[in-house]
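Read through the structure below, which is laid out as structure tokens, and then see the notes.
Proteins come first, then strands; the chains are lettered A, B, ... in the order of their sequence lines, and each starts at number 1.
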Amino acid sequence: MSLDAYFEPQTHEADIYRRWEASGAFQPSDDPARPAFTISMPPPNATGTLHLGHAVMLAIEDVMARWRRMAGDAVLWLPGTDHAAIATESVVIRKLQAEGMPDPRAALGREKLVASIADFVAQSRDRIREQVRAMGASCDWTRERYTMDPQLNRCVNAVFARMFRDGLIYRAPRIVNWDPYLQTTVSDDEIYHEERPATFYTMKYGPFEVGTSRPETKLGDTAIAVHPDDERYRAHIGKTYEVPWPKGPTITIRVVGDPHVDPEFGTGALGVTPAHSHADFDIAQRHNLPLIQIIGEDGRMTEAAGPHYAGMTVAECREAFAAELDAAGLLVEARPYSQSMSLCYRSKKAIEPLPKAQWFIDVNKPAVPWKGKTLSLRQVLRDTVDAGDIEILPEHEAKTYFHWIDNLRDWCISRQIWWGHRVPVWYRGEEDMYVGHRPPSGDPAADGWTQDPDTLDTWFSSALWTWSTLVDPDLAADPARDLRQLLAESPDFARFHPTSVMETGYDILFFWVARMILATTYATGEVPFRTVYLHGLILDKDGDKMSKSKPATCVDPLDTIAEHGADTMRLSLLLGNAPGKDLKLGKERIVGCKRLVNKIWNAAKLVQRTMDGASPADLALPEAIEHPVNRWMLGRMRQLITRIDARLAGYHFGDAAEQIRGDFWSQFCDVYLEAIKVPGLADAAETPAVVSRVFADYLKLFHPFLPFVTEHLWSALGHDGHLITASWPAAEMAHDWPAETAGVDAAARLISAVRALRAEQDLAAAAKIDLAIGVRNRDIGDVLRACGPIIERLTRAEQLVFEDASDDAEAPADAAVTLDADFIAAVRLGAADRAAEHKRLEKQLEAGRKRLAGLDKQLANENFVTRAKPEAVQRVRDEAARQREELEAVEARLATMAG
RNA sequence: AGGCCCGUAGCUCAGUUGGUUAGAGCGCUACGUUGACAUCGUAGAGGUCAGCGGUUCAAGUCCGCUCGGGCCUACCA
């Protein structure tokens, strides 16, 4: 197959992807001898579109999947989508509202609204699937999962029921983060904080003065808390006071001593509002204080706040109450204050802490069997990373993880929305409660059971993702099997769990990664994954988060794929990418990556010409390689493969890509492909085989990064099968020729030096030169001589002679000379600019002296010589000797020119 | 308030356990090519490794402080 002028991704990529998929290459090998390598794809939101976060995730995971697959593992990369409870429900509700349905929940009712959301999801899932394909992701679509699949629901319910039985799930009134706008609770992690200007009030409060930024909550106070050691208040502790509020209720407060109160802050006395503050609720728990709810779920004051204030919004009440306090002479001070507000991620509206009965996971109860002990969930979370069962990359994220664990509170898992896994708890009458997949006696409706109306936090089901996706759907359909049996009998679970690597953004370390560890250790007794690889955010070239509102700097992965191809898109996300590191992506970067694709393509054309119609199968590498340049090339490839294997194994993907690119460009293209055009190498019988082999190895090395163009070239050059399932190149230990490696390197240096000389002497390219080479390093003499024709051609030398090193000083006075540790190259210039040559040598002399002085100084330092490692000292000695020799040569040369 | 990360060439970043003359890509300058190259090649300029101090024979690398930038967490009422 002959190659077009350039690679057109648009015409090839979709077809190549279809071929891969049809070949079954995405499915793991069923050869039991192969080790399993598993990645659970973090499921994108089913209603979303592919953004750069997904793109970088897919690129990195695909590199791992393709590399391990070629290296011989049974690779399972399991794709899927997430139902994204709150996000999806609010998207659909807004859509319905835009279509003229002001209150879809009321208008449709639960069943119809849920059906309508399900429809919407089903439609948009296809879109995200196509986008994942467009990235070239080599995931196993036959095992695609969705967080709302029946067998996943089965797992959700089973885990819930077991945790309930173990006392790890409980229902209790707690202060929840209530979003009055979305009318639901949200978890601690779904909140963000924002500094807002506010007022800090100090008010008279019975016998005390108390400071607060939320005076309206004082209507619901039940205590004053002070530090137990605070002399000012010690006498009051334990006493009870009645405090009448202007136009409000008279509250009864008890004075409690609590060490959590900071005596330095404000007046040192804290009004305790148990119903509307997490902190105050904790104080109330410790001191057994009553709780009065004065703010309702609608975000308005309740009757408990008194008839005057009831019905006001919180903001209205704050203003009104402050005014009344002022009028009554109770307001001591009101000063400007910066308040940290809690806002909901989804609605961007203020969170109102209030008491509500919710389902919680107890993170402190010791009920989890782990390594022969019974630990709390919190302890297990810590142990997995502490003991090294799970490795987090970058390492410093482990600190963040521990910090999070230390501050972890019980996890509120119930939500008052309709879209999601419904809490698997059933009630009948006042007394009967059943927790499990479904009530014991068949049809719940007929038997008078009602299911809990709440749904579960999305992250509860995502927390099971690594293993619930491996549970066999048919087995899960059988209600007789319990969770243990399901796991024991599901072949994929046995084969592919724990997964190998969890690759995701560091921004969801807590949301998701930690929850997977929590739920999976509990449910399966295994860690969910061995390694966590956290990638960074993608920023625009100014370092800001990309947003559609800044189209000039925004890179849309779909546009980029359409315009430049998936290979280019992937590489631009991978180069310079390291774990945890944010990546600035500008359009320039993309252009640079596209050039590599083009370069590979063009190199292939030359390779194809060199192969001259033979197939790679015809061009088996001979046992003995003769030509030094071929030996050099194979030796270089051996070194490269070793380096790349180490980089990949260490998760340095960007670095690996960079190294392959560098060697490919500067050694394979610039040196080797130039050299094979020259007689001697060009007509060597072994050369086509070496070219074919080395280029094939490069295609393999590039494949995880640039799957499409490499796969296309693989078949265009006549290789059998698909590159995706070809075997990863092995470093051939036999391909080790030190003299050839050093010799050809020297030749390349020599060529470069002569070219520099030409440039300095301002010689036209056409200018004829005579080149005399003195070999100083006898070990590489033969190799250098063998490279003669190549040197001649690439330096455009008219005549080339080799001389012995002893002839160093014999170069004629009108020649320009380059001095190297291994060789001396003299270019006869004719009417050259001797002044320029003189100046150049002077410069070289000066630099050399400076360098030598530094080395000598180091060697004169007794401390260095005695204390440094002997190898280090020897290195410096060798270098000094070489430097001295070179200096002498330069000096001699200058003398010759003068004479 | 606490924690974490970052500061290396004009730009984006590499720099593995401290050890020769700190690298790459892009950009820039000059020259050359268009017979693998919507080009490519060659050569070149460009860095007080944020600053100060310390440990060490030796610091971009380890430690402390300062300045600058970013992120996360939080029950300062």
Side-chain angles (χ1 to χ4, degrees), chain A residues 3 5-6 175 188 192-193 200 210-214 217 225 260-262 264-267 269-273 277-283 339-340 353 394 396-397 399-400 403-404 406-407 409 506-507 509-510 537 539 541 543 575-578 580-586 588-589 591-596 598-599 601-610 646-647 650 652 654-655 658-659 661-662 665-666 669-670 673-674 677 751-752 755-760 762-766 847 850-851 854-855 858 861-869 871-873 875-876 878-880 883:
Chain A
L3 293 165
Y6 53 91
I175 302 303
D188 291 345
Y192 67 100
H193 300 274
F200 191 77
V210 158
T212 180
S213 60
R214 299 199 59 185
T217 61
H260 281 70
V261 177
D262 176 5
E264 306 293 322
F265 189 89
T267 62
L270 161 67
V272 181
T273 318
S277 153
H278 287 101
D280 293 5
F281 183 85
D282 292 345
I283 294 175
Q339 186 189 14
S340 174
H396 71 80
E397 287 291 346
K399 292 184 201 166
T400 317
H403 188 251
W404 177 80
D406 291 338
N407 293 299
R409 292 186 292 179
Y506 66 71
D507 48 337
L509 176 63
F510 307 143
L537 303 171
L539 308 172
K541 67 183 175 65
L575 281 179
N577 196 337
K581 192 117 184 140
D582 292 345
L583 188 74
K584 289 187 200 168
L585 181 66
E588 307 77 12
R589 195 189 185 88
V591 172
C593 293
K594 194 173 186 185
R595 274 188 204 160
L596 177 63
N598 190 49
K599 186 77 178 175
W601 184 262
N602 283 299
K605 287 196 269 184
L606 183 58
V607 167
Q608 193 176 40
R609 226 171 58 184
T610 308
R647 295 297 192 287
H652 301 292
D655 194 27
E658 188 75 55
Q659 301 249 355
R661 169 167 80 170
W665 210 299
S666 69
C669 292
D670 291 351
L673 287 187
E674 290 307 319
K677 296 171 183 170
I751 291 164
S752 185
R755 283 165 167 171
L757 219 141
R758 259 177 189 280
E760 259 170 74
D762 223 11
L763 287 178
K850 211 170 145 189
R851 169 99 188 98
L855 293 166
Q858 202 173 357
N861 183 341
E862 203 173 318
N863 281 323
F864 172 68
V865 179
T866 53
R867 296 197 198 185
K869 278 177 288 193
E871 313 92 82
V873 178
R875 265 204 304 274
V876 176
D878 293 349
E879 178 58 18
Q883 196 66 231

Residues which pass side chain to side chain donor-acceptor pair (under 3.5 Å) with [X], listed by chain and number, not counting sequence neighbours:
X         : result
Thr212(A) : none
Arg595(A) : none
Asp655(A) : Arg647(A)

Measure the distance from [atom1] on [X] to [atom2] on [N] and round it to the nearest whole Å.
X         : N      : atom1 : atom2 : value
Arg755(A) : G44(B) : CZ    : P     : 12 Å
Leu673(A) : U42(B) : CG    : P     : 13 Å
Leu575(A) : C13(B) : CG    : C1'   : 10 Å
Asp670(A) : U33(B) : CG    : C1'   : 14 Å
Asn577(A) : G25(B) : CG    : C1'   : 15 Å
Glu871(A) : A58(B) : CD    : P     : 19 Å
Asn598(A) : C40(B) : CG    : P     : 7 Å
Asp582(A) : U12(B) : CG    : P     : 13 Å

Donor-acceptor pair under 3.5 Å, Glu674(A) side chain vs A36(B) base
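By the distance-only test, yes, there is a pair.
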Measuring only the [atom1] atom in each nucleotide, how far is [N] from [M]? A whole number of Å is fine.
N      : M      : atom1 : answer
U8(B)  : C62(B) : P     : 16 Å
C65(B) : U21(B) : P     : 31 Å
G10(B) : A45(B) : P     : 15 Å
U20(B) : C26(B) : C1'   : 29 Å
A14(B) : G2(B)  : P     : 29 Å

If the cut-off is 4.0 Å, is [X] near the phosphate of [N], judged by side-chain N/O to OP1 or OP2?
X         : N      : answer
Arg875(A) : U20(B) : no
Lys605(A) : G35(B) : no
Arg595(A) : C26(B) : yes
Trp665(A) : C40(B) : no
Lys599(A) : G25(B) : no

Do [X] and [Y] touch side chain to side chain, with heavy atoms closer than 4.5 Å?
X         : Y         : value
Leu537(A) : Tyr506(A) : yes
Leu575(A) : Arg661(A) : yes
Lys677(A) : Leu606(A) : yes

Which dot-bracket string describes RNA chain B (Watson-Crick N1-N3 plus N6-O4 or O6-N4, or G-U N1-O2 and O6-N3, all under 3.5 Å; [ ] crossing; | other strand)?
(((((((..((((.....[...)))).(((((.......))))).....(((((..]....))))))))))))....
Nearest-0.5 Å distance, CG of residue Leu270(A) to CG of residue Asp280(A):
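Between Leu270(A) CG and Asp280(A) CG, I get 5.5 Å after rounding to 0.5 Å.
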For [X], which residues count as a salt bridge (Lys or Arg N to Asp or Glu O under 4.0 Å) partner, sequence neighbours excluded?
X         : value
Asp582(A) : none
Glu397(A) : none
Lys399(A) : none
Arg755(A) : none

Polar-atom pairs under 3.5 Å, protein N or O versus N or O of nucleotides 4-7 of chain B: list them with distances, or write none.
from, atom 1, to, atom 2, distance (Å)
C4(B), O2', His396(A), ND1, 3.2

Comparing Gly592(A) and Asp655(A) on RNA chain B - which has the more 5′ nearest nucleotide:
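It is Asp655(A), whose closest nucleotide lies nearer the 5' terminus.
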Relative to the 5' end of RNA chain B, which residue comes earlier, Val876(A) or Asn863(A), by the nucleotide with the nearest heavy atom?
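Its nearest nucleotide lies further toward 5', so the answer is Val876(A).
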Identify whether any heavy atom of Ile283(A) sits under 4.0 Å from a base atom; if not, whether one sits that close to sugar-phosphate; answer base, sugar-phosphate or nothing.
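Nothing: the residue Ile283(A), judged by heavy atoms under 4.0 Å, touches no strand.
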Under 4.0 angstrom, heavy atoms only, what part of the nucleic acid is Glu658(A) near: base, sugar-phosphate, or nothing?
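Sugar-phosphate only.
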Where the side chain of [X] is concerned, which of [options] is the nearest nucleotide?
X         : options                : answer
Arg851(A) : A36(B), U20(B), C26(B) : U20(B)
Ala868(A) : A36(B), A43(B), G19(B) : G19(B)
Lys594(A) : U42(B), U21(B), A38(B) : A38(B)
Ser752(A) : C71(B), A38(B), A43(B) : A43(B)

Pairs: protein N or O with nucleotides 73-77 of chain B N or O, under 3.5 Å:
from, atom 1, to, atom 2, distance (Å)
C75(B), OP1, Arg409(A), NH2, 3.0
A77(B), OP2, Tyr337(A), OH, 2.2
A77(B), O3', Thr212(A), OG1, 3.1
A77(B), N6, Asp262(A), O, 2.6
A77(B), N6, Phe265(A), O, 3.2
A77(B), N1, Asp262(A), N, 3.3

Can you list the residues that meet the ring-ring contact (aromatic ring centres under 6.0 Å, His included) rule with Tyr192(A), with sequence neighbours excluded?
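Tyr192(A): ring-ring contact (aromatic ring centres under 6.0 Å, His included) contacts with Tyr345(A).
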Residues that Trp404(A) engages under ring-ring contact (aromatic ring centres under 6.0 Å, His included), provided they are two or more places apart
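Once residues adjacent in sequence are excluded, the partners of Trp404(A) under the ring-ring contact (aromatic ring centres under 6.0 Å, His included) criterion are Phe510(A).
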Can you tell me if Lys605(A) uses its side chain to pair, donor with acceptor, with the backbone of Ala5(A) under 3.5 Å?
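Yes: the side chain of Lys605(A) pairs with the backbone of Ala5(A).
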